[in-house]
Amino acid sequence: MKALILVDIQNDFLPGGALAVAKGHEIIPLVNSLQSKFDVVVASQDWHPEHHASFASNHDNKTVFEVINLHGQEQVLWPNHCVQGTAGASFSSALNTNAVSAIFRKGMHKEVDSYSAFFDNNKTQHTGLEAYLKSMQVTDVYVCGLAADYCVYFTAKDAQNLGFKTYYITDATRYISEDMYNTAVTDLKQLGVTMLTSDEI
């Protein structure tokens with residue numbers, strides 16, 4: 001069984017959003033067309049409380065994109081984004097979600113960020129995605145969405161480490177930082193993740 005994971009295709013990560021990924025909207029028609037090729041389609045959704053510790057606004061004398069130590073972990077401070085119940089946290093209206101069988105929300109614990117669709121960054125809280133995929137007898141996982149160098153990267157990394165045969169769809173994602181993206185791709189390849197384009201599926 002093959003599953004497609006749609007990572008965080010939300011308004012705040014699209015042009016005009018609070019934490020926009022350049023050209024992020026370009027992947028949506030492709031993501032929509034890919035869904036029919038899979039047995040299972042799921043989505044992750046960043047869903048932060050307003051006072052989340054990853055927001056620069058919640059730290060005195062700190063600026064957006066500054067890196068701090070947060071409870072022993074390196075943490076990038078982000079602009080407020082994907083706040084629970086806001087329009088920015090909603091999926092893009094251009095995204096076809098008819099085939100999405102389950103949505104897994106992440107980043108809800110206000111003291112811990114959560115890039116991966118499987119765990120928080122401390123690996124202490126599961127989203128339930130692993131158990132769901134295994135209950136559906138999924139063996140192969142294909143990952144796409146936003147952003148390539150953060151949430152898509154960490155989701156693919158965790159999928160591979162959890163024992164799924166993992167594929168990273170390179171043309172169905174966009175990155176924030178090219179340098180970070182190149183580092184992420186190198187790491188994923190070393191782990192055994194297969195990098196492929198949508199027309200190779």
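Positions are given from 1 along the sequence.
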Inset, instruction - Could you pull out all residues at least two apart from His51 that satisfy ring-ring contact (aromatic ring centres under 6.0 Å, His included)? - result: none
Legend entry - side chain to side chain donor-acceptor pair (under 3.5 Å) contacts in which one or both residues fall within residues 10-36, not counting sequence neighbours: Glu26-Arg174
Inset, instruction - Would you check if the side chain of Ser177 reaches a backbone N or O of Met180 as a donor-acceptor pair within less than 3.5 Å? - result: yes
Inset, instruction - Could you tell me whether the side chain of Leu162 reaches within less than 4.5 Å of the side chain of Phe118, counting heavy atoms only? - result: yes
Inset, instruction - Just grab all the ring-ring contact (aromatic ring centres under 6.0 Å, His included) pairs involving residues 172-201, residues at least two apart or on different chains. - result: Tyr175-Tyr181
Inset, instruction - Could you name each residue pair satisfying salt bridge (charged side-chain N to carboxylate O under 4.0 Å, His left out) that touches residues 34-46, not counting sequence neighbours? - result: Asp46-Lys106
Inset, instruction - Apply ring-ring contact (aromatic ring centres under 6.0 Å, His included) to Tyr168 and list each qualifying residue two or more places apart in sequence or on a separate chain. - result: none
Inset, instruction - Using atom types as modelled and distance alone, determine if a side-chain donor or acceptor of Asn122 lies under 3.5 Å from a backbone N or O of Thr124. - result: no
Inset, instruction - Answer with yes or no whether the hydrophobic clustering places Ile103 together with Trp47; edges join I, L, V, M, F, W, Y residues whose side-chain heavy atoms lie under 4.5 Å apart. - result: no
Inset, instruction - Please name all residues satisfying side-chain hydrogen bond (donor to acceptor under 3.5 Å, both in side chains) with Thr194, sequence neighbours left out, ordered by chain then number. - result: Lys165
Legend entry - Test side-chain hydrogen bond (donor to acceptor under 3.5 Å, both in side chains) applied to Ser198 - qualifying residues, sequence neighbours left out: Asp171
Inset, instruction - Kindly say whether His52 contributes a backbone atom to a donor-acceptor pair with the side chain of Ser54 at under 3.5 angstrom? - result: no
Inset, instruction - Report the residues that fulfil side-chain hydrogen bond (donor to acceptor under 3.5 Å, both in side chains) with Asp158, sequence neighbours left out, ordered by chain and then residue number. - result: Ser116, Lys123
Legend entry - Between Asn69 and Glu74, a side-chain donor and acceptor under 3.5 Å: no
Legend entry - Heavy-atom check, side chain of Thr155 versus side chain of Lys157, under 4.5 Å: no
Inset, instruction - Could you list the residues that satisfy ring-ring contact (aromatic ring centres under 6.0 Å, His included) with Tyr150, not counting sequence neighbours? - result: Trp78, Tyr115
Inset, instruction - Please tell me if the side chains of Glu111 and His71 come closer than 4.5 Å, counting only heavy atoms from C-beta onward. - result: yes
Legend entry - Listed partners of Ser57 passing side-chain hydrogen bond (donor to acceptor under 3.5 Å, both in side chains), at least two apart: Asn80
Inset, instruction - Please identify each residue that fulfils side-chain contact (heavy atoms from CB on, under 4.5 Å) with Glu50, with sequence neighbours left out. - result: Val83
Legend entry - Pairs flagged by ring-ring contact (aromatic ring centres under 6.0 Å, His included) wherever residues 92-111 is involved - sequence neighbours left out: Phe104-Tyr132
